[in-house]
Amino acid sequence: MEEYNIEASGDWAGKRIDKVLSGYFSDYSRSFIKKLFDDGYIQVNGKASKPSYSVRTGDIFDISVPDPVSIDIEPENIPLDIIYEDDDVILVNKPKGMVVHPAPGHYSGTLVNGLMYHFKDSLSGINGEFRPGIVHRIDMDTTGVLVVCKNDNAHRSLSEQLHEHSITRKYYAIVHGNIAQDDGTVDAPIGRSPKDRKKMAINTRNGRHAVTHYRVLERFGGKYTFIECQLETGRTHQIRVHMASIGHPLLGDQVYGPAKVPFSGLQGQTLHAGVLGIIHPA
């Protein structure tokens with residue numbers, strides 16, 4: 001069981017706790033958060049909380065997340081946008097809001113559920129039954145290209161390329177503010193936040209080497225900047241953490257940026273995996 005101890009920030013004051021936690025734990029579904037309330041796993045200041053509780057600055061949340069139980073992952077007839085396919089690999093254009101592989105609160109509707117339906121047993125098994133064919137992942141609200149492996153030889157080849165950082169990965173993003181320079185590099189280690197195990201942070205003590213190169217593509221009136229980011233490494237939430245660390249968080253990113261989204265209807269960070277360059281395993 002995972003345990004979290006979180007102090008409410010001023011940005012959360014007056015908001016319903018269920019909405020705050022749904023944004024905070026972005027990998028968990030709202031129904032999963034609701035079940036944690038129903039089962040008494042969420043306490044505020046030492047007492048069990050209701051989902052409608054209005055948060056106050058300084059409140060202490062104690063949250064327990066039970067270990068996942070073993071379940072059968074069912075194939076689902078989910079439409080997939082296949083960019084390319086051969087005997088070794090599948091390139092998929094993942095939409096916003098789709099989780100890559102099953103996790104607590106997301107045991108259906110994931111990319112893996114769809115892959116199992118469309119490709120049945122034609123997926124590598126190195127990462128086990130929860131992640132067949134999956135070599136790497138992108139966040140639920142990040143869109144763009146993923147490579148999926150059909151056999152173990154392809155999987156080993158792509159895993160080695162990821163390990164050696166020889167895969168070309170370019171992302172497109174809109175960030176807050178007007179970036180002063182036309183291009184730049186963020187070289188700062190990323191690790192788990194010491195204050196919140198669900199978040200990543202610049203961590204000079206326990207973080208892993210992380211490098212993001214960026215260049216400006218377009219500027220929008222001094223308020224926002226459209227950029228291309230090329231990853232030299234591939235850490236969890238790397239672009240989101242790095243851009244926030246230099247004062248330019250991604251538009252729509254309520255975890256590492258402003259809690260209030262300036263455009264109605266915008267869900268999640270404006271980040272798209274646009275280019276994936278690999279050496280074909282065959």
Side-chain angles (χ1 to χ4, degrees), residues 27 72-103 106-173 185 187 190 200 208-215 228-242 271-282:
D27 288 340
D72 293 327
I73 305 302
E74 298 293 335
E76 296 178 37
N77 186 8
I78 300 171
L80 299 178
D81 183 3
I82 306 299
I83 302 171
Y84 173 83
E85 177 192 357
D86 60 23
D87 291 338
D88 297 292
V89 297
I90 308 158
L91 295 181
V92 182
N93 184 28
K94 189 192 81 66
K96 183 178 287 287
M98 175 181 279
V99 174
V100 172
H101 56 76
H106 294 285
Y107 290 117
S108 64
T110 73
L111 177 62
V112 162
N113 294 101
L115 290 169
M116 291 175 63
Y117 178 90
H118 292 286
F119 299 99
K120 300 178 171 59
D121 296 328
S122 299
L123 297 169
S124 67
I126 288 179
N127 272 345
E129 61 180 350
F130 273 54
R131 303 182 185 184
I134 301 299
V135 185
H136 65 126
R137 62 182 292 274
I138 55 180
D139 296 336
M140 178 175 70
D141 286 326
T142 298
T143 61
V145 62
L146 278 170
V147 61
V148 178
C149 293
K150 282 188 170 182
N151 55 67
D152 289 355
N153 286 333
H155 197 124
R156 280 189 284 268
S157 173
L158 269 296
S159 294
E160 183 64 21
Q161 291 179 53
L162 280 168
H163 179 72
E164 293 177 348
H165 310 305
S166 61
I167 290 180
T168 298
R169 284 172 292 175
K170 293 182 180 180
Y171 288 72
Y172 301 97
T185 297
D187 184 346
I190 292 177
M200 309 303 289
R208 300 174 67 188
H209 177 61
V211 178
T212 303
H213 306 285
Y214 65 86
R215 67 185 183 94
E228 176 189 84
C229 293
Q230 182 161 345
L231 297 183
E232 193 172 306
T233 55
R235 308 304 177 206
T236 300
H237 298 176
Q238 179 171 319
I239 293 173
R240 299 166 65 186
V241 172
H242 270 173
L271 183 62
H272 178 74
V275 175
L276 183 68
I278 65 172
I279 300 172
H280 194 281

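These numbers come from the heavy atoms of this one structure, side chains and all, not from hydrogens, waters or symmetry mates. Throughout, numbering of the chain's residues begins at 1 and tracks the sequence.
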Q: Could you walk me through whether Leu276 and His136 pass side chain to side chain contact (heavy atoms under 4.5 Å, CB included), step by step?
A: CA-CA 12 Å; Leu276 183 68; His136 65 126; 4.2 Å; yes

Q: Going from NZ on Lys170 to NE2 on His272, what distance comes out if it is rounded to the nearest 0.5 angstrom?
A: 13.5 Å

Q: Answer with yes or no whether the side chains of His213 and Glu232 bring together a donor and an acceptor at under 3.5 Å.
A: yes

Q: With a 4.5 Å heavy-atom cut-off, do Tyr117 and Glu74 have their side chains touching?
A: no

Q: Answer yes or no: is there a donor N or O on one side and an acceptor on the other, between the side chain of Arg235 and the main chain of His209, under 3.5 Å?
A: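 Such a contact is found between Arg235 side chain and His209 backbone.
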
Q: Contact between Val241 and Thr236 at the side-chain level, heavy atoms closer than 4.5 Å - yes or no?
A: no

Q: Around atom CG of Asp81, are there more than 12 heavy atoms from other residues, nucleotides or ligands closer than 6.0 Å?
A: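 Buried by this count: over 12 neighbours within 6.0 Å.
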
Q: Looking only at heavy atoms, what is the nearest atom pair of His280 and Val89, with distance?
A: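 Shortest heavy-atom separation between His280 and Val89 comes out as NE2-CG2, 4.0 Å.
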
Q: Looking at every non-hydrogen atom in both residues, tell me the closest pair between Met140 and Lys94 and how far apart they are.
A: O-NZ, 2.9 Å

Q: List the atom of Ile138, the atom of Thr142, and the distance in Å for their closest heavy-atom pair.
A: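 Answer, listing the atom of Ile138 first, then Thr142: CD1-O, 3.7 Å.
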
Q: Any side-chain heavy atom of Ser124 sitting closer than 4.5 Å to one from Asn151?
A: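 No, their side chains stay 4.5 Å or more apart.
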
Q: With a 4.5 Å heavy-atom cut-off, do His242 and Ile190 have their side chains touching?
A: yes

Q: Measure the spacing between CG of Asp141 and CG of Leu271 and express it to the nearest 0.5 Å.
A: 10.5 Å

Q: Taking the side chain as every heavy atom from C-beta outward, state whether Tyr171 and Val275 have any atom pair closer than 4.5 Å.
A: no

Q: With a 4.5 Å heavy-atom cut-off, do Val148 and Val135 have their side chains touching?
A: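 SC-SC contact between Val148 and Val135 ruled out.
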
Q: If I take atom CG from residue Asp88 and atom CG from residue Asn153, how far apart are they, to the nearest 0.5 angstrom?
A: 8.0 Å

Q: Would you sort out whether Leu146 and Val100 count as a side chain to side chain contact (heavy atoms under 4.5 Å, CB included), showing the intermediate values?
A: CA-CA 9 Å; Leu146 278 170; Val100 172; 3.8 Å; yes

Q: Kindly check if the number of other-residue, nucleotide or ligand heavy atoms within 6.0 Å of NE2 (His163) is above 12?
A: no

Q: Please report the interatomic distance CG(Leu158) to CD1(Ile167), rounded to the nearest 0.5 Å.
A: 5.0 Å

Q: Start with the C-alpha gap between Ile90 and Tyr84, add the side-chain angles, then the distance that decides, and say whether side chain to side chain contact (heavy atoms under 4.5 Å, CB included) holds.
A: CA-CA 6 Å; Ile90 308 158; Tyr84 173 83; over 6 Å; no

Q: Please examine the side chains of Arg169 and Thr233, heavy atoms only from C-beta on, and report whether any two atoms are closer than 4.5 Å.
A: no

Q: Can you tell if the side chain of Asn93 reaches within under 4.5 Å of the side chain of Val145, non-hydrogen atoms only?
A: no

Q: Could you give the distance from CD1 (Ile278) to CD (Gln161), rounded to the nearest 0.5 Å?
A: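 One finds 6.5 Å between CD1 of Ile278 and CD of Gln161.
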
Q: Rounded at 0.5 Å granularity, tell me how far CG in Asn77 sits from CG in Asn113.
A: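 Spacing of CG (Asn77) from CG (Asn113) equals 11.5 Å.
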
Q: I'd like to know if the side chain of His101 pairs up with that of Thr110 as donor and acceptor (distance under 3.5 Å, no hydrogens or angles considered).
A: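 No, no side-chain donor-acceptor pair sits under 3.5 Å.
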
Q: For Gln230 and Thr168, which I'm curious about, is there any donor-acceptor pair between the side chains at under 3.5 Å?
A: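 Distance-only check fails for Gln230 and Thr168.
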
Q: Indicate whether any N or O donor in one side chain lies under 3.5 Å from an N or O acceptor in the other, for Tyr172 and Glu228.
A: yes

Q: Could you walk me through whether Val99 and Leu111 pass the side chain to side chain contact (heavy atoms under 4.5 Å, CB included) check?
A: CA-CA 6 Å; Val99 174; Leu111 177 62; over 6 Å; no

Q: Specify the closest pair of heavy atoms between Met116 and Pro132, including all atoms of both residues, with the distance to one decimal.
A: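 So the two residues come closest at CG-CG, 4.2 Å.
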
Q: Taking all atoms of both residues into account, what is the closest heavy-atom pair of Thr143 and Pro95, and its distance?
A: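 That closest heavy-atom pairing would be CG2-C, 4.0 Å.
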
Q: For Thr185 and Tyr214, work out which heavy atoms get closest and say how close.
A: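 Heavy-atom minimum between the residues: N-CE2, 3.8 Å.
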
Q: Got a salt bridge between Arg240 and Asp139, using NZ or NE/NH1/NH2 to carboxylate O under 4.0 Å?
A: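 Answer for the salt bridge query: yes.
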
